[in-house]
Amino acid sequence: MNAALLKYHVQLRGKTLAKLADYLNISESTLHRKMRGDSDFFRNEIIRISEFCELSPLDVRKIFFEDNIA
């Protein structure tokens, strides 16, 4: 996962990671663990993040899946 790109899109929309965590109904520490790769995002969380940040399908792929593509 590309945490820097996710942070960029959150800030681009004038929002914060704290607001994102609240939107996902998870704690900020859980969000940070997921962003570090210590645990995975659930599919529904990725969908909600894409809504929160108004991400395109390409942005979603770059943030969540690009490093998994060989």
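Here the structure is a predicted model, which means the values were calculated and not measured.
Residue Met1 comes nearest to Leu6 through the heavy atom pair CE-CD2, 3.9 Å, listed as atom of the first residue, atom of the second, then distance. Closest approach of Val60 and Phe65 over heavy atoms only: O-CD1, 3.9 Å.
In the displayed structure, Arg36 atom CZ is contacted under 6.0 Å by more than 12 heavy atoms of other residues, nucleotides or ligands.
Between Phe52 and His9 there is no side-chain heavy-atom pair separated by less than 4.5 Å.
Distance check, rounded to the nearest 0.5 Å: CG of Leu17 to NZ of Lys19 gives 11.5 Å. Atoms CD and SG, from Gln11 and Cys53 in turn, are 10.5 Å apart once rounded to the nearest 0.5 Å. Distance check: Phe41 CZ to Leu24 CG gives 7.0 Å after rounding to the nearest 0.5 Å. The structure places CZ of Arg13 at 12.5 Å from CG of Leu20, a figure rounded to the nearest 0.5 Å. Residue Lys62 holds its NZ atom at 4.5 Å from CG of Leu58, rounded to the nearest 0.5 Å. Distance check: Asp40 CG to Glu45 CD gives 10.0 Å after rounding to the nearest 0.5 Å.
There is a path of hydrophobic side-chain contacts, each under 4.5 Å, that joins Tyr23 to Tyr8.
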